[in-house]
Number of protein chains: 2
Amino acid sequence: MIDTESRFKALRDKLKQTDHRLTPQRAALLRLLAASEGHPSASDLYDQIKAQFPTTSPATVYKTLHLLKEMGEVLELGFSDDDNRYDGHNPAPHPHLICVRCHKIIDPPIRVAESLVQEVTDRSGYKIIGHRFDIYGVCPACQGRA
Amino acid sequence: MIDTESRFKALRDKLKQTDHRLTPQRAALLRLLAASEGHPSASDLYDQIKAQFPTTSPATVYKTLHLLKEMGEVLELGFSDDDNRYDGHNPAPHPHLICVRCHKIIDPPIRVAESLVQEVTDRSGYKIIGHRFDIYGVCPACQGRA
DNA sequence: GTGCTTGCAAACAGTTTGCAGATAG
DNA sequence: CTATCTGCAAACTGTTTGCAAGCAC
């Protein structure tokens, strides 16, 4: 894994390179994303930024997340029945292990076989862009809570 | 793959076994789900049912889909930025190949290695319930449309 | 100074819910 | 007969959009 500081700089530079401005609100968001291990929701991020810049609005968070997502610097995990979650630390597709009770998301130590995606590419005629692999379960803590 | 008629009967029997009523609206939905190859949305299903029972409401479709999902007889593919899609023909988890342009969803001829899910089960301490594997791409038809 | 960005509020869309009347078993 | 189901309409929730004022560069 890349350290937080270099990841922050990479995000910041990406903005500059694409002629976007680094506002204090954006800098705060970039820092949070660079450091995040826990797949925060937009509202998690918003709450943390609001602590530093009380007038910040959710719209700003959403707009910046959208921007970074377009650039491929943030991975969005969309859920139809829950807040979307964001990974700006490691935006490449990777498997996620999701607790269906508490909605905690961790990165399990496995890899999706490249060959599997390659096989689809070869056989389907589709131009493959990415993938998503979610495993659902109940985390140890939630099992304890019966 | 199971044929449409047996699948319909299985769905119908499942409802009876759990003390639920087979209304004409539900029967129509069950038939559509049993036959569906194309991962229809709730609104697709609603439109088709409304052709037969013009007073049907979306709520009825949603309620019945929810019921069948709880029973494990329908697989729901939730999307945060698009309608959810439903597979009542083959409700076991299986990979999906999704066109990011036209949102068509097909079942690619691959299988997720059991060993991968097993590995997570063994190592994580989570009680595994299911999984979802989506591959995103552009279908041949949409590539043609430039 | 220029025009991208912010923050507010209203709009949005799919889904869910509450309830009174209808109906399957 | 009676509990479940339907259909309507309103509510809900996370996200997006429009726009005037603000600020990065």
Side-chain angles (χ1 to χ4, degrees), chain A residues 11-32 39-71 74-86 103 105, chain B residues 11-32 39-71 74-86 103 105:
Chain A
L11 290 170
R12 186 199 55 191
D13 293 348
K14 190 70 172 259
L15 278 186
K16 297 212 165 173
Q17 283 160 29
T18 51
D19 276 317
H20 290 101
R21 294 176 186 173
L22 187 66
T23 62
Q25 296 89 332
R26 281 187 177 169
L29 180 58
L30 262 46
R31 265 180 227 290
L32 291 173
H39 308 86
S41 67
S43 119
D44 292 336
L45 295 163
Y46 169 61
D47 289 345
Q48 290 182 259
I49 292 174
K50 210 164 59 168
Q52 297 176 57
F53 302 95
T55 65
T56 305
S57 81
T60 298
V61 175
Y62 280 112
K63 282 168 186 167
T64 302
L65 285 173
H66 180 79
L67 189 61
L68 294 167
K69 182 176 59 164
E70 293 294 282
M71 292 172 174
V74 155
L75 181 67
E76 181 184 66
L77 294 177
F79 294 96
S80 61
D81 56 352
D82 194 18
D83 302 13
N84 292 350
R85 304 293 206 87
Y86 297 88
H103 300 139
I105 301 178
Chain B
L11 289 169
R12 186 199 56 190
D13 292 349
K14 188 70 171 258
L15 278 186
K16 297 212 165 174
Q17 283 158 30
T18 51
D19 277 317
H20 290 100
R21 294 175 185 173
L22 186 67
T23 62
Q25 294 90 332
R26 282 188 177 169
L29 180 58
L30 261 45
R31 263 180 229 291
L32 290 173
H39 308 87
S41 66
S43 118
D44 293 336
L45 295 162
Y46 168 62
D47 289 344
Q48 290 182 259
I49 292 173
K50 210 164 60 167
Q52 297 177 56
F53 302 93
T55 66
T56 304
S57 82
T60 297
V61 175
Y62 280 113
K63 283 168 186 167
T64 302
L65 285 172
H66 180 78
L67 188 62
L68 294 167
K69 182 175 59 165
E70 293 293 284
M71 291 173 175
V74 156
L75 182 67
E76 180 183 67
L77 293 177
F79 295 96
S80 62
D81 57 351
D82 194 18
D83 303 13
N84 293 349
R85 304 293 206 88
Y86 297 88
H103 300 139
I105 302 179

Point to revise | Spacing between B/K50 atom NZ and D/dG7 atom C1', to the nearest angstrom | key: 12 Å
Review point. Any donor-acceptor pair under 3.5 Å linking the side chain of A/R26 with the backbone of A/T64?
Key: no
**Study point:** Under 3.5 Å donor-acceptor, B/R12 side chain and B/L30 backbone
**Key:** no
**Study point:** Nearest-Å distance for atom pair CG/C1', residues B/L65 and C/dG14
**Key:** 13 Å
Check your understanding: Atom CG of B/L15 to atom P of D/dA3: distance rounded to whole Å?
Key -> 20 Å
Practice item. Check whether any side-chain heavy atom of B/K50 lies under 4.5 Å from a side-chain heavy atom of B/Q25, and answer yes or no. Key: no
Check your understanding: Side-chain N or O of B/T60 less than 4.0 angstrom from OP1 or OP2 on D/dG7?
Key -> yes
Practice item. Measure the distance from OH on A/Y46 to P on C/dG7 and round it to the nearest whole Å. Key: 9 Å
**Study point:** Close side-chain approach of A/D47 and A/S43, heavy atoms under 4.5 Å
**Key:** yes
Practice item. Starting at the 5' end of nucleotides 15-25 of chain D, put B wherever the base has a protein heavy atom under 4.0 Å, S where only the sugar-phosphate does, and a dash everywhere else. Key: SBBB-----BS
Check your understanding: Where the side chain of B/N84 meets the backbone of B/F79, is there a donor-acceptor pair that is under 3.5 Å apart?
Key -> yes
Practice item. Please report, rounded to the nearest Å, how far the P atom of C/dT5 is from the CG atom of A/D19. Key: 9 Å
Review point. Roughly how many Å is it from CG in B/D81 to P in C/dT15, rounded to a whole number?
Key: 12 Å
Point to revise | d(CD, A/Q52; C1', C/dT6) in whole Å | key: 16 Å
Check your understanding: Base, sugar-phosphate, or nothing: which does B/S41 touch, judged by heavy atoms less than 4.0 Å apart?
Key -> nothing
Check your understanding: Hey, is the main chain of A/K14 close enough, under 3.5 Å, to the side chain of A/T18 for a donor-acceptor pair?
Key -> yes
Revision key, fill the gap. When rounded to whole Å, the CG to C1' distance for the pair A/L67 and C/dT5 reads 11 Å
Practice item. Report yes or no: does A/R85 contribute a side-chain atom to a donor-acceptor pair with the main-chain N or O of A/H103 at less than 3.5 Å? Key: yes
Review point. Has the side chain of A/H39 got a donor or acceptor atom that lies under 3.5 Å from a matching backbone atom of A/Y86?
Key: no
Practice item. Using atom types as modelled and distance alone, determine if a side-chain donor or acceptor of A/T60 lies under 3.5 Å from a backbone N or O of A/T56. Key: no
Point to revise | the helix from C/dG1-D/dC25 to C/dG25-D/dC1: angle between end helix axes, five pairs per end, rounded to 10 degrees | key: 40°
Check your understanding: D/dC8 phosphate, OP1 or OP2: any side-chain N/O from B/S57 under 4.0 angstrom?
Key -> no
